Amino acid sequence: MPYRAGARSSKLCEPAPGYGSQPCPRYPILAVLLANESEVSVKSAENPLPRAAPGGIAARALQAQRAPYLDPLNAEQRHAVETLEGAVLVLAGAGTGKTRVLTTRIAHILATGAARPHEILAVTFTNKAAREMKERIGGLVGHAVEGMQWLGTFHSIGVKFLRRHAELVGLKSDFTILDTDDQIRLLKQLLQAENIDDKRWPARQLAVMIDGWKNRGLGPADVKGGDDHVFANGRAAELYAAYQERLKTLNAVDFGDLLVEVIRLFRDNPDVLADYHRRFRFMLVDEYQDTNVAQYLWLRLLAQGAKNLCCVGDDDQSIYGWRGAEVDNILRFERDFPGAIVIRLENNYRSTGHILATASHLITHNEGRLGKTLYTEGEAGEPVGVASAWDSEEEARAIGEEIEELQRQGHALNEMAILVRASFQMREFEDRFVTLGLDYRVIGGPRFYERMEIRDALAYFRATVQPADDLAFERIVNTPKRGLGEVTLQILHRTARAQAIPLLQAAADLIETEEITPKARQSLREVVMNFARWRDQIEHLPHTELAEIILEESGYTEMWQRSRTADAPGRLENLKELIRSMEDYDSLPAFLEHIALVMDTDQEGAVDAVNLMTLHSAKGLEFDTVFLPGWEEGLFPHQRALDEGGRAGLEEERRLAYVGITRAKQRARIRFASNRRIHGLWQTSVPSRFLDELPEDHVEVAEASTSYGGYGGGAYGASRFDEQDTFASAYTTPGWQRAKAYAGRSAGGRRGAKLIEGELVAKSVVEEGSRYAVGERVFHVKFGYGRITRIDGNKLSIDFEKAGSKKVLESFVERH
DNA sequence: GGCATTTGGCTTTTT
DNA sequence: GCCAAATGCC
């Protein structure tokens, strides 16, 4: 293993100044230590560096004691790594070397011989995190990481448990894993069967409820009489039970089951649990603040064994409450695991002083946190910039210019990121970057495996491999169109249900009868025969080849080839890419298993490009320069978070702001616009309350942003600069004043506002009818005078005398 | 059954 | 204002 070019010191790995994700050079000594005697020779051939000769137990102990991998750690990190016994909670603030601690701890466990690779359970939330952890451990311990078969996400490890003991929870070990899409289609069928209007009670909503229950570890029986009354007149629990039953018949599980069924497995089978207690000597959990109740229960059951549990997390970075994460889990850790040791990592290696101070000060406005005081030994750097723009378009334009300026100064685009609250904000930036010819990449957008054509193709593969996979079969039975419509499908379903057989089997039976029209029968016969033929070939053909044959013979490829829609070529390209990606797997079933759990594709680019993503997907990443646009009330904090989450919702939004700022290493620039078009309506926006929570000493408010000489500015060019100055200078007075003014106006106007514990939480109220009439002349504070041309509830279409026609909310205009 | 039109909804996202 | 899904018509 050669040293990396550009390693900056003679030490193997510098004390982490800020490069949390930088791969650390391997420790050859450790690699040898961990190799079995028989493998040492292989290892040494690969390894040109001088190292100590492999030896017996004494030599091993000696080398472990030297433990060079501990050198880069600071005192707290080292404490966290070396405290192997008992429960340990590592409260790792942003940029304090959380991942380093986790990976080094695992290396330490292995190096000291406290456990072998397969005796360590290491859990992450995302596949990406698992992959990265594996890579970094590999950097420390070499190929020994391959033995860590229990390193993965909660879900992938859950699948492993369930496949091993499927029969104990009423499944067969080849069960299929349904994704959200399958889940909703299944629920829809259920609602139809129960004669419940799925217009009024959407399947999607029920899916969310069921997920919510599973996240809290609740089965159908636990829900009864509880909070299910809101759906379908209290039939939610009953539907939940029916759904679970359907899943069992289909030999399928959804994502929630991967947690809940594991809990049930362990609870009902103490002997199985005891077996795992013996196995797992050490357990480690990443991002503990993101665990939900089910995951907590899952962990607690397992942790009753060796009791060596190490959880790493940061309560200030809990931003997934809306999908069931319980910050409480981390807040309660010491109570849940008596004798637990809490170690705080507060030395930040990522951000400059101003950035860190800004983020820290902001987050102190939250109550109910464990509290950490982050500090840095680095420079103060640039203050955090705050500036405004007239509207979102100009915001994008200004940021575009700043990016180009930084680029001229020699900064890499890869080191810049724009973090938005909601994905619709991305569009304006994309438009702008396309115009400028600036390379950008969107992180976390629509995922490859969620595309229609990919899901269709996968359905074909699933139905081939797993003839009982009704959901897959149903998806593609009439795709491409082959004249098998509603009627035929109904008959199919009836037959299948009556005899309790899979749809494909029912289809095979039906084509022998007179029940369906000859035309449909012919089509169906072809489908049935196709699947039978493909299944026969599984054993005889390489799976990639078979996949191609399936897509070809089913007419699926042809369907897109004939299509003259603009996206057809792209879809065909995606299908090719799908086949290509299958080459990495041994068989069709192995590939499908992977797909079910790993819905992400890595597109980390080699090209230099600006990164565009939501604040949520930015967690765990870092950039030299971070732009944070859209800091406006209603958008950030988001109105819905306030309406639905109240104070807790506001605090989560604030944590999101904290996450955003702490992504920046050198420069953080916060922006807000005075006007924004939301749902196609122009709305005047009030600067975010978070701006007022920033520490003055560390923030620099731009007086007025660059002027863009009236170009492309729309119909009201002259006034826009006046307006902008108003807003830019307005910020220098406390924005709280304006927020209050806004509250007053809202309350006095047509919207209700309420105060929650002294914090303004504006609540939008749906109004019926309008105080205005078509043809009335009104005044708008930004657009001037105009005449109403149309009224849609509280939305007015107005033909402005100067600004042209716009749609605005009626609360923003006055009668004139 | 297939296409054209209308309707509704609209924060964040993993597995 | 924009997109997907659902309805409605041929």
Side-chain angles (χ1 to χ4, degrees), chain A residues 123-130 152-159 177-184 188 198-199 202-205 208 211 214-215 253-260 287 290-292 294-295 318-325 419-428 443-447 449-450 452 478 480-489 517 519-520 523 593-600 613-620 630 634-645 649 652-653 655-656 659-660 676-682 764 792-793 795 797 806-807:
Chain A
V123 203
T124 63
F125 274 82
T126 63
N127 291 297
K128 192 172 163 222
T153 62
F154 276 101
H155 296 267
S156 64
I157 292 172
V159 172
I177 302 162
L178 304 187
D179 60 28
T180 321
D181 215 72
D182 298 322
Q183 198 186 354
I184 286 169
K188 202 171 259 173
D198 66 347
K199 208 63 187 261
R204 185 169 294 277
Q205 192 189 329
V208 169
D211 268 347
K214 289 186 177 175
N215 282 339
V253 295
D254 64 17
F255 287 124
D257 287 336
L258 296 180
L259 305 173
V260 178
E287 306 278 16
D290 289 338
T291 45
N292 59 39
Q295 285 157 337
S318 161
I319 54 174
Y320 286 110
W322 51 273
R323 67 177 197 213
L419 311 183
V420 297
R421 175 63 182 84
S423 35
F424 74 82
Q425 292 173 262
M426 290 188 193
R427 213 173 143 145
E428 242 142 351
I443 296 190
R447 280 180 296 278
Y449 295 116
E450 277 168 24
M452 190 214 310
N478 199 30
K481 304 267 184 284
R482 33 175 93 92
L484 299 169
E486 191 77 22
V487 186
T488 317
L489 231 65
T517 61
K519 217 171 131 204
S523 285
E593 168 93 3
H594 166 83
I595 293 299
L597 290 171
V598 184
M599 296 291 277
D600 63 348
M613 70 195 87
T614 63
L615 286 160
H616 281 94
S617 35
K619 193 166 76 155
L635 178 60
F636 192 37
H638 200 278
Q639 191 59 50
R640 255 180 94 165
L642 302 179
D643 287 350
E644 287 164 19
E652 183 153 310
E653 294 286 293
R655 290 194 290 269
L656 205 46
V659 167
R676 190 171 291 276
R677 205 163 46 180
I678 295 175
H679 306 330
L681 296 177
W682 277 101
S764 41
D792 272 318
K795 299 164 200 162
S797 299
K806 308 256 174 223
K807 276 192 194 170

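This structure is a prediction, so every number in the text was calculated from the model and none was measured. Every chain is numbered from 1, with letters handed out A, B, ... down the list of sequences.
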Is there a side-chain polar atom (N or O) of A/T614 under 4.0 Å from OP1 or OP2 of B/dT13? yes
Give A/T180 one of three labels, base, sugar-phosphate or nothing, depending on what nucleic acid heavy atoms sit under 4.0 Å from its own. base
Return the value, rounded to whole Å, for the distance between atom CZ of A/R323 and atom P of B/dT13. 9 Å
Assess whether a salt bridge exists between A/D290 and A/K619, defined as any Lys/Arg side-chain N lying under 4.0 Å from an Asp/Glu carboxylate O. yes
Are A/Q639 and A/D643 linked by a side-chain donor-acceptor pair shorter than 3.5 Å? yes
Does the side chain of A/T291 reach to within under 4.5 Å of the side chain of A/F154, using non-hydrogen atoms? yes
B/dT11 phosphate, OP1 or OP2: any side-chain N/O from A/R640 under 4.0 angstrom? yes
Under 4.0 Å between a side-chain nitrogen and a carboxylate oxygen: does that hold for A/R323 and A/D211? no
Using a 4.0 Å heavy-atom cut-off, does A/R427 contact any base of the nucleic acid, only the sugar-phosphate backbone, or nothing at all? sugar-phosphate
Would you mind reading off the distance between A/H616 atom NE2 and B/dT15 atom C1', rounded to a whole angstrom? 16 Å
Whole-Å gap separating C1' (B/dG9) and CD (A/Q205): 13 Å
CD of A/E652 versus P of B/dT12: gap in Å, rounded? 14 Å
Take atom NZ of A/K128 and atom P of B/dT13, then tell me their distance rounded to the nearest Å. 13 Å
Closest-nucleotide 5' rank along DNA chain B - winner of A/G256 and A/A422: A/A422
Parallel, tilted or perpendicular: which fits the ring planes of A/H616 and A/Y320, with parallel below 30° and perpendicular above 60°? tilted
OP1 or OP2 of C/dA6 sitting under 4.0 Å from any side-chain N/O of A/K188? yes
Grab the CD1-C1' distance between A/I678 and C/dC3 for me, whole Å please. 18 Å
OP1 or OP2 of B/dT12 sitting under 4.0 Å from any side-chain N/O of A/S423? yes
With nearest nucleotide decided by heavy atoms, which residue, A/H679 or A/L484, maps closer to the 5′ end of DNA chain B? A/L484
Over how many whole Å does the gap from A/Q425 atom CD to B/dC10 atom P extend? 17 Å
Once you apply a heavy-atom cut-off of 4.0 Å, does A/L178 come out as touching a base, just sugar-phosphate, or nothing? nothing
Spacing between A/W682 atom CH2 and C/dG1 atom C1', to the nearest angstrom: 12 Å
Would you say A/F125 stacks on B/dT15, if stacking means ring centres under 5.5 Å apart and planes within less than 30 degrees? no
Would you classify A/G483 as touching base, sugar-phosphate or nothing, given that sugar-phosphate means primed atoms plus P, OP1 and OP2, and contacts are heavy atoms under 4.0 Å? sugar-phosphate
Which residues pass the side-chain contact (heavy atoms from CB on, under 4.5 Å) test with A/E428, not counting sequence neighbours? A/S392, A/E393, A/A396
Does the ring of A/H638 meet both stacking tests against the six-membered base ring of B/dT11: centre distance under 5.5 Å and plane angle under 30°? yes
Distance test, side-chain N/O of A/R482 to OP1/OP2 of B/dG2, below 4.0 Å: no
Closer than 4.0 Å, any side-chain N/O of A/R204 to the OP1 or OP2 of C/dA5? no
